[in-house]
Amino acid sequence: MSEFLPFTRPYIDEAAIAAVGDVLRSGWITSGPKVQAFEKALSEYFGGRPVRTFNSGTCTMEIALRIAGIGPGDEVITTPISWVATANVILEVGATPVFADIDPITRNIDLDKVEAAITPKTRAIIPVDLSGLPVDRDRLYAIAAKHKLRVVEDAAQALGSQWNGKRIGSFGDFVSFSFQANKNLTTTEGGCLVLNDGDEARLAEKYRLQGVTRTGFDGMEVDVLGGKYNMTDVAAVIGLHQLPQLEAITERRHALAKHYFDTFGADFEKQAGTQLPVKDFANTNWHMFEIVLPEGVKRSDFMAKMKEQHNIGCGVHYPPIHLFQMYRQRGFREGMFPVAESVGRRIVTLPLFPCMSEADVARVAAAVRASLSI
Ligand SMILES: *Cc1c(COP(=O)(O)O)cnc(C)c1O
């Protein structure tokens, strides 16, 4: 059988490994000059907006909610189809998650349903750009302005994506990115938050390190409860090395996604009863290539065939959050978000990562056809 093909694999080159070695030998391994340099490079990338780094994308969103002053009694609207972190951070700050169903084509939050879910208690929206396909930013910010809501963009998957020619992160309210191992740019684990001004950035610095402010040689004050969320220089140097490569990484992902569409062919969706992703080559960074299986196909059977007969790993991104036990205990039930439930049962992530070859794509497409008996 052919070599195992995972659904993703991080891209780390020898120069990045050497740079990590240099940091480890330098005598300064936690937050220091590399974190500062990475934040400066990110800020330049996002058109000069303030940026702070953290040790995960999850705490990045939690801190954005804290900076916005969101807590008990407040409602935050988000999508049921995301990594569970997106909703967990709402609970973490003591606020109430409110889900709005998704659009079946984009698989992103349906903005009509967001508007319908707004109550006097609503304080913020957390949209997610699933697979890097951006939520309509014009409409999103029109809704936020009309109802005076904060936005924490969960752009964990959208680094390198665009909206009408503008980079995601270069405009808007809070924008959160993740540098977890599977993301388009990785620091092994990590994240960053794009903020609006210096005051927010200073508050972010406090929240990420025990609420501490230092002054002069020996001054120290603590005036808010912060946590331990700082990025290390070991991690930051990997990001610093990868950021200039991001454009090439995104181009490679585009080429592979395009090859998927070409290989599957125009009639594939009709033949197979499947749904391919939105064929977008302007906005998305092609973080993932996800298909939605036909109603009658059991996803676990399909994934077993892909693995056992073709040695190909697939992923599931994601099961609906509201049907997890912890959310059911908060009153969420089957039937509340039917589109999310249907897509969440049938969605499968096919392999897509920069060091894959066109032949790998063809191998996956053939295996998908064989596994669906078409
Ligand atoms: C990866 C991811 C996160 C969380 O990021 P971590 O760095 O793993 O904490 C949140 N939301 C989405 C949509 C993600 O893909």
Side-chain angles (χ1 to χ4, degrees), residues 7-11 35 38 42 51-66 76-93 97 99-100 102-103 106-109 124-135 140 151-161 168-169 172 174-194 204 207-208 227-232 234-236 238-239 242 253 277 284-290 315-322 324 327 340 343-344 347 349 352-353:
F7 81 84
T8 192
R9 184 178 281 157
Y11 170 69
V35 164
F38 187 35
L42 286 165
V51 179
R52 292 297 179 271
T53 55
F54 303 88
N55 59 20
S56 77
T58 304
C59 71
T60 303
M61 290 191 283
E62 186 188 319
I63 287 170
L65 291 173
R66 289 196 195 283
V76 179
I77 301 174
T78 193
T79 170
I81 296 290
S82 181
W83 175 229
V84 66
T86 311
N88 281 354
V89 294
I90 302 169
L91 292 172
E92 199 65 59
V93 301
F99 295 106
I102 61 165
D103 176 284
T106 64
R107 305 154 189 170
N108 283 333
I109 198 164
I125 309 171
I126 308 186
V128 176
D129 305 313
L130 191 68
S131 296
L133 182 71
V135 168
L140 171 73
V151 175
V152 179
E153 298 181 22
D154 181 352
Q157 303 181 1
L159 187 67
S161 295
I168 295 299
F174 294 110
V175 190
S176 165
F177 294 93
S178 166
F179 306 132
Q180 184 265 346
N182 291 348
K183 301 293 156 52
N184 288 21
L185 180 152
T186 185
T187 60
T188 65
E189 298 285 358
C192 78
L193 183 63
V194 186
Y207 279 126
R208 80 176 164 190
K228 173 67 179 170
Y229 300 125
N230 57 302
M231 179 178 277
T232 69
V234 177
I238 306 173
Q242 283 198 358
R253 286 178 171 275
T284 181
N285 62 3
W286 287 102
H287 172 61
M288 294 190 283
F289 194 97
E290 297 183 284
V316 175
H317 304 90
Y318 295 91
I321 297 171
H322 68 285
F324 289 136
Y327 286 86
V343 168
I347 200 162
T349 310
L352 179 63
F353 52 92

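Order of listing sets the numbers, starting from 1, for every ligand and every atom in it.
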Within-shell test, Y318 vs ligand 1, heavy atom, strictly < 4.0 Å: yes
Test item, G190 contacting ligand 1 (heavy atom, 4.0 angstrom): yes
Going by the closest heavy atom to atom 14 (C) of ligand 1, which one wins out of K183, M61, E62? K183
Close approach of S82 to ligand 1, heavy atoms, under 4.0 angstrom: yes
Contacting atoms of ligand 1, where contact means under 4.0 angstrom from a heavy atom of Q180: 7 (O), 8 (O)
protein heavy-atom neighbour closest to atom 15 (O) of ligand 1 works out as Q157 NE2, 2.9 Å
Below the 3.5 angstrom mark, is there an N/O of A156, backbone or side chain, next to an N/O of ligand 1? no
Which heavy atom of the protein is the closest neighbour of atom 3 (C) of ligand 1, given with residue, atom name and distance? W83 CD1, 3.5 Å
side-chain contact (heavy atoms from CB on, under 4.5 Å) between V152 and V76: does it pass, once the steps are laid out? CA-CA 10 Å; V152 179; V76 179; over 6 Å; no
Any sub-3.5 Å donor-acceptor pair from T78's side-chain atoms to I126's backbone N or O? yes
For the residue pair F38 and M231, establish whether any side-chain heavy-atom pair is separated by less than 4.5 Å. yes
Taking the side chain as every heavy atom from C-beta outward, state whether W286 and P277 have any atom pair closer than 4.5 Å. yes
side-chain contact (heavy atoms from CB on, under 4.5 Å) assessment of N230 paired with V35: CA-CA 9 Å; N230 57 302; V35 164; over 6 Å; no
Counting only N and O atoms by type, is there a donor-acceptor contact under 3.5 Å from the side chain of T186 to the main-chain atoms of Q180? yes
Show which atoms of ligand 1 fall inside a sub-4.0 Å distance from at least one heavy-atom site of T86. 11 (N)
Among all protein heavy atoms, pick out the one at the shortest distance from atom 9 (O) of ligand 1; state its residue, atom name and that distance to 0.1 Å. T58 OG1, 2.4 Å
Looking only at side chains, do D154 and T86 share a donor and an acceptor under 3.5 Å apart? yes
Start with the C-alpha distance between L130 and E290, add both sets of side-chain angles, then the distance that settles side-chain contact (heavy atoms from CB on, under 4.5 Å), and finish with yes or no. CA-CA 10 Å; L130 191 68; E290 297 183 284; 3.7 Å; yes
Going by the closest heavy atom to atom 10 (C) of ligand 1, which one wins out of I126, V128, D154? D154
Would you say S178 has any N or O atom under 3.5 Å from an N or O of ligand 1, going by distance alone? yes
